[in-house]
There are 2 protein chains.
Amino acid sequence: MMVLDAIDKQIINLLRENGKMNNKEVAGKIGLSVTPTFERIKRLERIGVIQGYTALINRKAIGRDLKVICQVSLKSHEKEGIDVFESAIRELPEVSHAYHVAGATDYMLTIEVANMEVYQDFLKNQLARIPHIGQVNSSFVMSELK
Amino acid sequence: MMVLDAIDKQIINLLRENGKMNNKEVAGKIGLSVTPTFERIKRLERIGVIQGYTALINRKAIGRDLKVICQVSLKSHEKEGIDVFESAIRELPEVSHAYHVAGATDYMLTIEVANMEVYQDFLKNQLARIPHIGQVNSSFVMSELK
DNA sequence: CTTGAAAGCCCTGAGGT
DNA sequence: ACCTCAGGGCTTTCAAG
């Protein structure tokens with residue numbers, strides 16, 4: 001079912017590097033003809049190994065100059081508090097990624113905004129208003145190595 | 001030069017949702033004909049707003065079941081220590097993202113490995129061997145909200 | 001910006017080893 | 001599971017308004 005052979009892995013790596021690489025080129029690189037290549041890619045999509053394709057956007061070009069990693073702890077860890085917090089987070093467009101983690105804090109969020117002023121406003125008027133929020137700790141991204 | 005109008009932003013949003021959406025479909029959704037749509041997309045690629053395209057891969061399907069967010073502080077903050085650390089990190093395939101941050105710690109890494117055993121090995125034999133490493137704090141991702 | 005057109009390439013499925 | 005081949009659609013470019 002979800003068994004991937006070496007060729008499937010090659011395809012995945014190629015499409016990760018360039019999601020728009022066409023069938024013919026993929027076929028050439030893996031040494032198969034277009035039809036089995038096409039069918040393998042379709043299969044990978046169907047079984048959910050390839051979840052989709054996306055354009056990589058330069059965030060500064062769209063006015064999101066500031067990236068912040070924000071660690072949040074909740075005051076209560078009852079199911080209700082967790083559910084309320086998680087659905088609130090899902091609704092906030094400034095939050096680009098959100099993970100529930102086991103460690104020193106409860107959640108790890110990445111947030112992208114135009115500048116510090118907008119971030120401050122986000123903290124005060126969006127994040128701090130979610131019920132059950134405990135501690136919040138912000139780390140500001142200075143450079144992206146990867 | 002890097003001036004984006006409302007139509008460019010629509011295009012960006014469409015291609016973020018589906019990087020393989022074809023020209024004709026993008027054109028239909030933004031209400032232009034194919035020629036200017038094609039030229040706008042090429043321009044966005046040329047000026048670096050669209051940095052590329054990629055396939056989104058289900059990491060569990062490729063045997064990376066464990067995602068860890070790892071905060072690292074350096075012992076010394078001299079340029080040499082920073083350079084050594086950063087180039088070492090860039091070479092580690094387990095590290096999927098790496099940010100130099102201003103906050104409680106110096107670096108924020110996301111690491112993807114098969115399981116806890118492999119992570120422990122990574123910590124001991126890869127990360128801990130980089131010179132100038134100070135504190136390391138791991139948070140294990142239990143669920144991804146976004 | 002629009003329409004229209006032309007060449008070429010690619011996708012996709014049929015049919016066969 | 002692989003291959004070749006062919007029809008039809010899409011991409012890409014250009015010209016003219």
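A note on names: the letters A, B, ... follow the listed sequences, proteins ahead of strands, and every chain is numbered from 1.
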Just one of B:K60, B:R64, B:H97, B:R59 clears the side chain to side chain donor-acceptor pair (under 3.5 Å) bar with B:E112, so which one?
-> B:R64

In terms of hydrophobic clusters joined by side-chain contacts under 4.5 Å, are B:L109 and B:L92 together?
-> yes

The single option from A:L15, A:N18, A:T54 passing side-chain contact (heavy atoms from CB on, under 4.5 Å) against B:T54 = A:T54

Are A:E39 and A:K42 close enough for a salt bridge, meaning some N to O gap below 4.0 Å?
-> no

How do B:K24 and A:P36 order along DNA chain D: which one's closest nucleotide is nearer the 5' end?
-> A:P36

Answer yes if B:I82 and B:V72 sit in the same cluster of Ile, Leu, Val, Met, Phe, Trp and Tyr residues linked by side chain heavy atoms under 4.5 Å apart, and no otherwise.
-> yes

Segment of DNA chain D, first to last nucleotide, that comes within the 4.0 Å heavy-atom reach of chain B = D:dC10 to D:dC14

Exceeds 12 heavy-atom contacts within 6.0 angstrom, atom CD of A:Q135 | no

Quick one: how far along DNA chain C does chain B reach, first to last nucleotide 5' to 3', anything under 4.0 Å to a heavy atom?
-> C:dC1 to C:dG4

Among B:V141, B:T110, B:I69, whose side-chain contact (heavy atoms from CB on, under 4.5 Å) with A:M108 holds?
-> B:I69

Would B:L74 end up clustered with B:I130 when hydrophobic side chains under 4.5 Å apart are linked, directly or stepwise?
-> yes

